[in-house]
Amino acid sequence: MSLQDRSRFEPSEVEPRITAAWLDAGLGSPDVAAAQDGAYSIAIPPPNVTGALHMGHALNGAIQDTLVRWHRMHGQQAKWILGTDHAGIATQTQVEKLLVSEGSGRTEIGRDAFTERVWEWRAQYGGTIVEQFRRLGASCDYADERFTLDVRYVTAVLEVFVRLYDKGLIYRDHYMVNWDPGSRSAISDLEVEDREVTDRLYEIAYPLSDGSGEVIVATVRPETMLADTAVAVNPEDERYTHLVGRTVTLPLVGRELEIIADDYVKTDFGTGCLKITPGHDPNDFEIGRRHGLDELSVIGEDGRMTDAAGPQYAGLGVEEAQAKVVAALREQGLLRSEEPYVHTVPFSHRSGSRIEPLISLQWFMRMDELAAPARQVVADGQVRIHPESQRRRYDAWLAEIRPWCISRQLWWGHQIPVWYRGDGPDQETYAGTSAPAGDGWERDPDVLDTWFSSALWPFATLGWPDETPELDAFYPTDVMSTARDILFLWVARMVMMGLEFTGDVPFRDVYVHSVIQAPDGRRMSKSLGTGIDPLMLIEGGPRPPVFTQGGDFPAYGADAVRFGLLAMSSTQDVRFSEEKVAQGQALGNKLFNATRFVVGKISADTVAAARPATVEDRWILSRLQAVKADSARRIAQFDLSKLALGLYDFVYGELCDWYLELIKGRAFDDDLAATLLHVLRETVALVHPVMPFVTEDLWTELPGHDGRLLAASVLPAADDAQTDADAEARIAALIEAVTVVRAWRNDAGVPAGAMLDVRLAATGYDETIAALARLARLAVSEDGAVDVGAAAAIVVPGGTVEVLASGAFDPAEAQRKAADQIRELEREITRAEGKLANAGFVDKAPEAVVGAERDKLARLQAELAQLQG
RNA sequence: GGGCGGUUAGCUCAGCUGGUCAGAGCACCUGCCUUACAAGCAGGGGGUCCACGGUUCGAGCCCGUGACCGCCCACCA
């Protein structure tokens with residue numbers, strides 16, 4: 001359909017066509033050979049392979065695509081590295097559920113069949129999110145998609161593991177881990193979330209072995225006392241110092257426990273005596289290691305009491321065991337108190353189960369050695385984190401980094417490349433990227449934490465450990481754009497791994513973007529029902545209940561959603577605002593109609609060129625150059641909100657409201673046509689990174705279109721030579737004058753269509769008088785040519801517009817308005833005079849400020865004189 | 001328990017190193033189908049810038065205290 005037959009932009013009709021054109025042209029696939037003349041790359045935070053696009057993806061997609069398109073349009077070979085993450089626990093959980101629904105299960109079918117099943121699942125659902133990124137207009141390199149379990153990627157992961165193992169940074173140890181009974185796996189500290197729960201706090205008497213008394217300990221986990229191996233007090237605590245070194249008899253068990261002294265114990269909390277259970281409490285574990293205590297376990301990986309707990313407890317769940325222990329203590333008269341107790345305890349982020357701290361044999365990675373250089377590169381600016389406030393968080397976390405438990409008791413993931421032979425103390429261990437020679441070797445069944453492989457993302461996706469042309473051209477990447485929640489989980493680890501294995505940072509800038517909350521301020525979440533599906537916004541669909549307004553979303557289209565998300569983003573969390581999306585839609589429509597107007601006015605063989613013939617031509621070229629420069633600055637500062645809103649202001653407030661209105665009074669000669677086309681082309685191109693679809697569509701409608709994609713075109717950078725202060729001043733005065741006269745007309749009751757007879761008594765309008773007359777609907781008499789007195793004066797920059805008596809306006813209203821203005825002026829004059837009469841101000845304020853105040857006073861007084869005259 | 005951020009028009013948010021900074025979009029009111037766009041155009045009303053102290057000639061902007069909201073980190077039994 002031709003442009004002139006459409007009066008509004010219809011995204012649903014245009015977007016599929018444009019998407020296909022970009023894909024056909026290989027827009028996202030850069031020329032690796034040409035990249036040495038300038039390359040730009042971003043590695044996408046890989047979404048979960050079976051996930052669906054949520055608001056966070058959409059925002060981050062809009063941000064990254066805007067950056068990538070901007071740099072591509074400034075002559076760089078831009079690669080947005082695309083791929084998905086195997087997401088160990090999340091994916092395995094989904095497939096396990098599926099199996100259960102089929103009456104089967106993971107253990108029933110075995111490891112090989114299970115992983116086979118996950119691959120099938122991935123084949124079926126894995127493409128969704130990539131397709132959704134396309135819908136958003138994301139110009140990723142679709143021809144070069146990665147997956148963290150691709151053969152080449154696996155090679156990189158195993159290589160990294162083996163090198164770190166050989167270096168001694170990866171080791172196996174019995175250590176306290178966060179055991180998730182839900183997924184039957186250890187999880188890392190970062191996968192744990194604290195929740196507030198109400199437990200019961202018990203005080204229990206432990207009798208001294210010699211019968212001379214007792215000590216009282218407090219605990220919320222009485223069942224763990226079965227694994228107690230000591231009682232600790234603070235070495236400074238005078239109440240107990242005499243007991244240190246003596247022993248108590250552990251109730252129910254009868255074991256002798258030594259009373260030890262450790263600084264960890266607080267003197268002002270509880271009873272000052274702490275039962276020590278190294279096997280089931282992380283702090284006690286540390287204390288136990290300091291004092292060489294035995295590490296007993298009475299709770300197993302299934303969350304039930306083990307045989308070590310004794311025959312009356314073995315096999316019970318921890319809650320049952322707790323009840324039984326408490327009952328037994330009460331019976332023996334050793335339970336001294338019991339009260340409700342609110343505190344926070346760790347839960348698994350994934351399964352939702354309460355974490356059971358357990359000692360188990362796991363693989364760990366020592367981080368301190370890698371953390372130091374990762375802190376350094378941020379400290380010295382090799383990696384810049386935006387906003388600045390996030391840098392402190394990053395550094396604080398790295399400063400106190402602890403060993404990372406990297407093994408997971410799952411089947412879906414990178415199986416740890418370690419083989420064992422034999423048992424007991426003589427067991428042989430082999431770590432390598434392939435199985436060792438010889439018989440009897442058995443591979444470690446565990447897989448690596450998903451974040452282990454994610455940490456290699458920026459270089460493993462480019463072919464590392466091979467020295468590929470892609471790695472050479474696009475590493476380090478330029479920007480890592482991400483939400484705050486994975487700054488430690490992922491970003492910091494990428495820096496560490498990047499430095500260790502490539503000798504260079506993985507990216508130069510980290511942009512930490514907003515988290516978009518639901519309109520009511522709650523977190524957007526599926527389970528809360530507060531989520532908003534970006535595709536519903538793009539395609540239209542029912543509003544979720546978090547909106548006060550009901551009904552369906554209109555089909556806003558991808559451009560509007562992108563604009564809206566960028567416009568609402570900032571460096572802090574923001575609420576979702578549908579109005580901003582609507583604003584984006586309005587902008588797209590505005591551009592569409594502006595193009596329709598221009599194309600309808602100029603001939604098809606017009607060649608775009610800046611050939612200013614009038615002051616407004618010089619003005620718009622000056623403004624265009626300014627908005628280009630501003631946009632470049634905002635891109636560099638990651639201020640995407642200001643970028644989007646700045647473009648909106650230019651298109652609406654300058655190009656359409658004023659320039660296009662100004663030229664309507666002119667003949668469309670060749671110079672004007674060339675200039676008009678030039679301005680429109682540049683504007684459309686400038687908006688493209690934010691709103692790629694509508695701009696790409698309009699691009700094809702412009703005279704001179706040579707079939708090349710806008711997305712693949714290069715936009716000339718801002719040119720200072722176009723700045724024109726004189727034109728800016730003259731048009732600013734014109735705009736002010738038109739606005740003031742229009743307001744006056746409204747107040748004075750002048751009919752909208754009526755011409756007003758006036759005489760211009762102001763300077764500075766020699767080039768704009770005709771425009772002023774047309775836009776403000778004035779019939780301007782030559783100064784002095786008509787010998788009638790003015791009935792009213794409208795103050796404009798440079799003088800007044802004298803309104804001649806006529807039937808077109810109500811003199812009483814005009815009088816009233818003038819009186820209001822005079823009152824207002826007098827108020828301001830009084831204020832300015834007062835300020836200037838203040839000796840403190842005149843003496844201490846800077847010269848320029850005082851001068852400005854004097855000028856302001858003079859101006860106000862002149863205005864007042866004109867109104868009264 | 002620490003740390004960070006926020007509190008500006010009915011709503012969502014801008015306001016740089018203190019001096020036209022009291023703004024934008026949406027909503028609202030009035031008037032316009034002025035042939036690019038009524039998903040439009042023109043004009044307008046509306047805020048003791050959370051509270052109280054302080055610094056300063058001058059404070060949304062700096063300092064202190066407090067209130068409320070949000071986030072992050074943390075091992076207090």
Side-chain angles (χ1 to χ4, degrees), chain A residues 3-4 7-9 194 201-203 217-221 232 264-266 268-277 281-287 341 343-344 346 357 387 389-390 392-393 396-397 400 484-485 487-488 515 517 519 521-523 548 554 556 560 567-568 570-580 582-583 585-586 588-601 641-642 645 648-649 652-653 656-657 660-661 664 738-739 742-747 749-753 774-777 828 832 835 838-846 848-850 852-853 856:
Chain A
L3 198 58
Q4 301 306 325
S7 71
R8 63 174 66 155
F9 177 67
D194 287 332
L201 179 68
Y202 301 92
E203 289 192 337
V217 299
T219 180
V220 293
R221 302 280 318 263
Y264 170 77
V265 185
K266 303 284 180 294
D268 56 354
F269 190 86
T271 61
C273 290
L274 185 59
K275 68 189 263 307
I276 302 298
T277 320
D281 182 280
N283 304 306
D284 293 5
F285 178 80
E286 298 286 337
I287 293 169
Y341 186 69
H343 64 151
T344 58
S389 57
Q390 297 299 324
R392 287 194 296 276
R393 285 184 64 220
W397 186 72
E400 297 187 20
R484 212 177 31 225
D485 53 347
L487 189 63
F488 310 144
V515 172
Q517 302 167 329
R522 284 187 292 169
R523 216 162 51 81
T548 47
Y556 283 113
M568 45 184 118
S570 85
T571 55
Q572 64 178 78
D573 292 355
V574 291
R575 295 187 183 197
F576 180 80
S577 153
E578 188 178 342
E579 288 74 24
K580 287 284 191 289
Q583 200 180 340
Q585 183 190 32
N589 196 240
K590 197 71 175 171
L591 274 175
F592 180 86
N593 279 292
T595 303
R596 207 154 71 95
F597 171 70
V598 170
V599 169
K601 290 289 186 189
S641 166
K642 295 270 177 48
L645 295 171
Y648 178 94
D649 287 343
Y652 263 81
C656 293
D657 287 355
L660 295 185
E661 293 304 321
K664 279 180 183 173
V738 169
T739 306
R742 280 174 176 166
W744 186 92
R745 290 175 58 115
N746 253 303
D747 283 355
V750 180
R774 194 168 53 78
L775 295 177
R777 301 227 169 190
E828 286 194 49
K835 211 167 177 183
N838 179 341
F841 175 70
V842 179
D843 293 348
K844 296 188 183 178
V849 174
V850 178
E853 197 64 28
K856 178 180 163 189

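Throughout, protein chains are lettered first and strands after them, A, B, ... in sequence-line order, and every chain is numbered starting at 1.
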Q. Which one of A:V574, A:D573, A:D485 satisfies the side chain to side chain contact (heavy atoms under 4.5 Å, CB included) criterion with A:V515?
A. A:D573

Q. Given the P atoms of B:C52 and B:G18, what is the spacing between them in whole Å?
A. 24 Å

Q. Of the nucleotides B:G19, B:G5, B:A39, which one has an atom closest to the side chain of A:R8?
A. B:A39

Q: Would you indicate which nucleotide in B:U20, B:G25, B:C26 comes nearest to any side-chain atom of A:K856?
A: B:U20

Q | Base-pairing assignment for B:U34 (Watson-Crick or G-U wobble, both under 3.5 Å) | A | none

Q) Which nucleotide in the set B:A14, B:A36, B:C41 lies at the smallest distance from any side-chain heavy atom of A:D657? A) B:C41

Q.
Can you tell me whether the side chain of A:E661 and the base of B:A36 have a donor-acceptor pair closer than 3.5 Å?
A. yes

Q | Spacing between A:E400 atom CD and B:A74 atom C1', to the nearest angstrom | A | 9 Å

Q: Sticking with atom P, work out how far B:G25 lies from B:G45, rounded to a whole angstrom.
A: 15 Å

Q.
Between B:U17 and B:G5, how far apart are the two P atoms, rounded to whole Å?
A. 14 Å

Q | Length of the NZ-P vector between A:K590 and B:A39, whole Å | A | 12 Å

(Q) Please report the distance, rounded to the nearest Å, between CG in A:L645 and P in B:C13. (A) 13 Å

(Q) With rounding to the closest Å, how many angstrom separate the P atoms on B:G6 and B:C13? (A) 13 Å

Q.
Work out how far the C1' atom of B:G3 is from that of B:U8, and round it to whole angstrom.
A. 26 Å

Q | Given B:A36, B:A77, B:U12, the nucleotide with the shortest approach to the side chain of A:R575 | A | B:U12

Q | B:A74 versus B:C61 - spacing of their P atoms, nearest Å | A | 34 Å

Q) Under 3.5 Å, is there a donor-acceptor pair between the side chain of A:R523 and the main chain of A:Q517? A) no

Q. Using purine N1 to pyrimidine N3 plus N6-O4 or O6-N4 for Watson-Crick, or N1-O2 and O6-N3 for G-U wobble, each under 3.5 Å, what pairs with B:U56?
A. none

Q: Could you check how far OH of A:Y648 sits from C1' of B:G40, rounded to whole Å?
A: 11 Å

Q.
Does the structure show a Watson-Crick or G-U wobble partner for B:U12, both distances under 3.5 Å? Name it, or say none.
A. B:A24

Q) Under 4.0 Å: is that the gap between some side-chain N or O of A:S570 and OP1 or OP2 of B:A14? A) yes

Q. In the structure shown, which nucleotide is the Watson-Crick or G-U wobble counterpart of B:C61, with both distances under 3.5 Å?
A. none

Q. Across all strands, who's sitting opposite B:G45 as a Watson-Crick or G-U wobble pair, both distances under 3.5 Å?
A. none

(Q) Given B:A77, B:G70, B:C75, identify the nucleotide with an atom nearest to the side chain of A:N283. (A) B:C75

Q: Would you indicate what A:V265 reaches in the nucleic acid, counting non-hydrogen atoms under 4.0 angstrom: base, sugar-phosphate, or nothing?
A: base

Q) Mind checking who B:C71 pairs with, Watson-Crick or G-U wobble, both distances under 3.5 Å? A) B:G3

Q: Report the nucleotide, chosen from B:A77, B:A14, B:C37, that has the shortest atom-to-atom distance to any side-chain atom of A:N589.
A: B:C37

(Q) Using a 4.0 Å heavy-atom cut-off, does A:T739 contact any base of the nucleic acid, only the sugar-phosphate backbone, or nothing at all? (A) sugar-phosphate

Q) Base, sugar-phosphate, or nothing for A:Y264, non-hydrogen atoms under 4.0 angstrom? A) base

Q) Using atom P of each nucleotide, how far apart are B:C62 and B:C49 to the nearest Å? A) 15 Å

Q | Cation-pi check, A:K580 onto A:Y648 ring (under 6.0 Å, within 45° of axis) | A | no

Q) Over how many whole Å does the gap from A:Y652 atom OH to B:A24 atom P extend? A) 16 Å

Q. Using 30° and 60° as the class limits, which term best fits the ring planes of A:F592 and A:F9: parallel, tilted or perpendicular?
A. tilted

Q. Should the ring pair A:Y341 and A:H343 be called parallel, tilted or perpendicular, given that the plane angle runs from 0 to 90° and is split at 30 and 60?
A. tilted

Q) For atom C1', what is the distance between B:A42 and B:U34, given to the nearest Å? A) 10 Å

Q. Rounding to a whole Å, what distance do you find between A:K642:NZ and B:G23:P?
A. 17 Å

Q) What's the CG-P distance between A:N593 and B:A36, to the nearest Å? A) 10 Å

Q: Identify the nucleotide, in any strand shown, that forms a Watson-Crick or G-U wobble pair with B:C50, with both distances under 3.5 Å; if there is none, say none.
A: B:G66

Q.
For a quick check, tell me whether the side chain of A:K580 and the base of B:A24 share a donor-acceptor pair closer than 3.5 Å.
A. no

Q: Rounded to the nearest angstrom, tell me the gap between atom CG in A:N746 and atom C1' in B:G45.
A: 13 Å

Q | Of the listed nucleotides B:G31, B:C76, B:A77, the one nearest the side chain of A:A752 | A | B:G31

Q: Check every atom of B:C4, B:A36, B:G40 against the side chain of A:A586 and return the nucleotide holding the closest atom.
A: B:G40

Q. Touch check for A:C656, heavy atoms < 4.0 angstrom, all strands: base, sugar-phosphate only, or nothing?
A. base

Q: Go through B:C75, B:U34, B:A14 for me and flag the one nearest to the A:R777 side chain.
A: B:U34

